[in-house]
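One is the number of the first residue; the rest follow in order along the sequence.
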Amino acid sequence: MICDVAGEQALAKIAMTSDGGCYISWFDTRSGAYNVYLQRLDLLGYKLWAPDGLLISNNPQDTWLTDYDLICDQNNNAVMVFSDIRSGGLLKPFAYKISPNGDFLWGANGVDISTGDSFQPSPTLTETSDGNFVFAWISSDGSQKIALQKLSPTGQKLWGSTPILLQSATEDFSWPAVVKSDNGQTILVHTVPNGIYQARIRAHKLDANGQLLWGTNGVTIQDNGQMASYQVPEVEPDGNDGALIAWYDGRAGNNLSSSFVQHISSTGTLYYPADGSEGSLAAQRNKFYPQVAFNLATQETYMFWMETEPNQNQNGIYGQKFSPTGNRLWGSSGMVF
């Protein structure tokens with residue numbers, strides 16, 4: 001049991017430490033409002049901090065939550081970023097770094113990584129190959145943009161006092177995710193919503209100064225415009241400076257959705273066919289919520305998803321293994337788990 005106090009413990013996340021232990025974070029309502037807590041476990045699952053967790057933040061939070069992010073850095077510190085309304089009721093992101101002993105390395109109230117007075121939910125982060133930290137989040141100020149900031153190991157802003165904005169005069173951007181790449185650089189993946197069921201996915205590479213290396217429009221990951229705009233793609237590092245991106249869309253036009261995956265290299269090369277490799281060709285089934293992992297030794301990708309019949313009254317877990325070029329290796333319908 002990680003925490004069992006009165007109230008709700010919501011949106012739990014986990015990050016492994018190098019010794020086989022982990023950090024676990026969550027939002028907690030034991031005080032009557034959503035506060036942020038963190039726990040550290042050792043290799044055998046014993047709690048190393050207070051039994052009900054370490055209070056990270058009791059700053060004002062709304063009555064509802066947006067997503068946030070947690071990682072363990074190369075020095076076994078927990079680094080996390082979440083948005084709250086401590087700044088005059090405006091939802092803005094704040095970053096914290098917590099040592100293995102529970103020390104607040106970026107101050108008791110973390111680092112305010114944003115500026116402005118817009119709605120700024122769902123921040124994400126990654127540690128770069130040179131030990132800095134890149135953050136990305138949604139900034140809804142007029143059009144919807146992606147805001148980006150980089151912090152040093154000591155919490156200093158490296159991309160200026162105000163975030164870098166990825167924006168367009170004609171398009172909205174949403175749901176950013178970042179993974180580390182080579183030479184202190186970062187791969188950024190985001191969606192381009194256009195109507196409820198007309199979103200696309202793009203990828204960019206940012207150099208150490210936050211400049212775009214793959215052009216203004218980046219590399220297209222999914223371009224058929226048949227993905228729900230509210231969907232958050234699954235993005236994971238491949239362990240070789242590239243990224244895996246998974247999503248589901250309704251390109252077949254039969255009111256059913258199927259899961260797809262793409263693998264992009266550190267140079268922007270797509271290993272799989274345009275618009276991704278499909279996990280299963282099984283008819284009259286939805287394949288939702290894909291999760292992916294990469295086997296660096298074999299260059300193979302695994303994808304798992306929730307499969308349902310058309311009415312979505314019954315479901316199960318299915319999976320597929322892909323070759324380095326995106327061919328299905330577990331048959332046309334995958335495997336049942």
Side-chain angles (χ1 to χ4, degrees), residues 2-3 11-28 31 34-43 46-61 67-87 91-115 120 122-137 147-164 177-180 184-186 206 208-210 237:
I2 305 304
C3 184
L11 294 185
K13 293 185 183 292
I14 190 168
M16 284 191 64
T17 54
S18 65
D19 61 1
C22 63
Y23 291 104
I24 298 175
S25 61
W26 66 93
F27 284 93
D28 194 301
S31 70
Y34 282 115
N35 296 329
V36 181
Y37 278 79
L38 187 66
Q39 181 60 271
R40 182 184 168 209
L41 305 183
D42 68 11
L43 173 66
Y46 290 104
K47 297 176 183 179
L48 298 177
W49 295 344
D52 294 319
L54 174 68
L55 175 64
I56 302 300
S57 172
N58 59 2
N59 285 293
Q61 181 61 266
D67 203 6
Y68 70 107
D69 209 357
L70 167 74
I71 67 169
C72 178
D73 73 7
Q74 59 189 342
N75 296 312
N76 278 327
N77 301 301
V79 184
M80 58 193 310
V81 60
F82 52 87
S83 293
D84 63 35
I85 57 173
R86 71 182 74 174
S87 299
L91 193 72
K92 297 175 62 179
F94 296 82
Y96 287 73
K97 187 177 183 180
I98 309 298
S99 77
N101 293 324
D103 300 318
F104 286 64
L105 301 180
W106 288 347
N109 281 306
V111 178
D112 183 352
I113 59 174
S114 70
T115 57
Q120 300 178 60
S122 302
T124 63
L125 81 140
T126 189
E127 183 181 17
T128 61
S129 61
D130 53 3
N132 297 303
F133 301 91
V134 171
F135 301 82
W137 64 96
L148 298 150
Q149 183 56 273
K150 184 178 182 180
L151 297 184
S152 71
T154 58
Q156 303 303 307
K157 296 179 181 179
L158 299 179
W159 285 349
S161 58
T162 60
I164 295 173
V178 282
V179 299
K180 75 173 183 177
Q185 301 176 134
T186 307
L206 307 172
N209 297 315

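Between C72 and E127, the shortest heavy-atom distance links the atoms O-OE1, 4.5 Å. Between A78 and L70, the closest heavy-atom pair is CB-CD1, 4.2 Å. Taking every heavy atom of both residues into account, S161 and T115 meet most closely at O-CG2, 3.6 Å. Summarising the geometry of M80 relative to V36, their closest heavy-atom pair is CE-CG1, 3.6 Å, with the distance given to 0.1 Å. Nearest heavy atom pair, residue W106 against residue V111, reads CB-CG2, 3.8 Å. The heavy-atom pair separating L148 from A136 by the smallest distance is CD2-CB, 3.6 Å.
Of the residues listed (I113, T126, D69), the one engaging F135 in a side chain to side chain contact (heavy atoms under 4.5 Å, CB included) is I113, and it is the only one. Checked options D73, T128, L158, V81; the residue passing with F133 is D73 (criterion: side chain to side chain contact (heavy atoms under 4.5 Å, CB included)).
For the pair I85/P60, a side-chain contact is recorded, criterion being any heavy-atom separation below 4.5 Å from C-beta on. Contact check for L125 versus V134: no side-chain heavy atoms found under the 4.5 Å cut-off. Under the 4.5 Å side-chain criterion, counting only non-hydrogen atoms from C-beta, K13 is in contact with D67. Taking 4.5 Å as the limit, some side-chain heavy atom of S25 sits within range of a side-chain heavy atom of Y68. No side-chain heavy atom of S122 sits less than 4.5 Å from a side-chain heavy atom of W137. Side-chain contact between D84 and S57 is present, with heavy atoms from C-beta onward closer than 4.5 Å. In this structure the side chain of L206 never reaches within 4.5 angstrom of the side chain of Q185, judged on heavy atoms. Counting only heavy atoms from C-beta outward, the side chains of Y23 and L38 approach each other to under 4.5 Å.
In the model, N76 has no side-chain atom that pairs as donor or acceptor with a side-chain atom of D19 under 3.5 Å. No side-chain donor-acceptor contact under 3.5 Å links Q149 and W159.
The aromatic rings of Y96 and F82 sit parallel to each other, their planes meeting at less than 30°, with 60° as the upper class boundary.
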Item to complete: Take L54 and I98, measure what side chain to side chain contact (heavy atoms under 4.5 Å, CB included) needs, and give me the verdict at the end.
Response: CA-CA 10 Å; L54 174 68; I98 309 298; 4.1 Å; yes
Derivation of the side chain to side chain contact (heavy atoms under 4.5 Å, CB included) call for K47 and L41: CA-CA 5 Å; K47 297 176 183 179; L41 305 183; 3.8 Å; yes
Worksheet item: After noting the C-alpha distance and the side-chain angles of F27 and N35, does the key distance pass the side chain to side chain contact (heavy atoms under 4.5 Å, CB included) rule?
Response: CA-CA 5 Å; F27 284 93; N35 296 329; over 6 Å; no
If you apply the rule side chain to side chain contact (heavy atoms under 4.5 Å, CB included), what do you find for C3 with D28, and how did you get there?
CA-CA 9 Å; C3 184; D28 194 301; 3.8 Å; yes
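D112 is linked by a salt bridge (Lys or Arg N to Asp or Glu O under 4.0 Å) to K92, counting only residues two or more places apart in sequence or in another chain. Looking at residues two or more places apart in sequence or on another chain, you find a side-chain hydrogen bond (donor to acceptor under 3.5 Å, both in side chains) between D103 and S99. The side-chain hydrogen bond (donor to acceptor under 3.5 Å, both in side chains) test applied to Y37 returns no partner, not counting sequence neighbours.
Taken to the nearest 0.5 Å, the NZ atom of K97 stands 9.5 Å off from the CG atom of L151. Distance CG/N77 to CG/N101: 9.5 Å, rounded to 0.5 Å. The distance from the SG atom of C22 to the CZ atom of R40 is 10.0 Å, given to the nearest 0.5 Å. Distance check: Q74 CD to K180 NZ gives 7.5 Å after rounding to the nearest 0.5 Å. Atom CG of N132 is separated from atom OG of S152 by 6.5 Å, given to the nearest 0.5 angstrom. Distance CD/Q61 to OG/S31: 11.0 Å, rounded to 0.5 Å.
Between the side chain of T186 and the backbone N or O of V179 there is no donor-acceptor pair closer than 3.5 Å. Put simply, the side chain of R86 never gets that close to the backbone of L91: no donor and acceptor are under 3.5 Å apart. Of the possible donor and acceptor atoms, one in the side chain of Q39 sits under 3.5 Å from a partner among the backbone N and O of W49.
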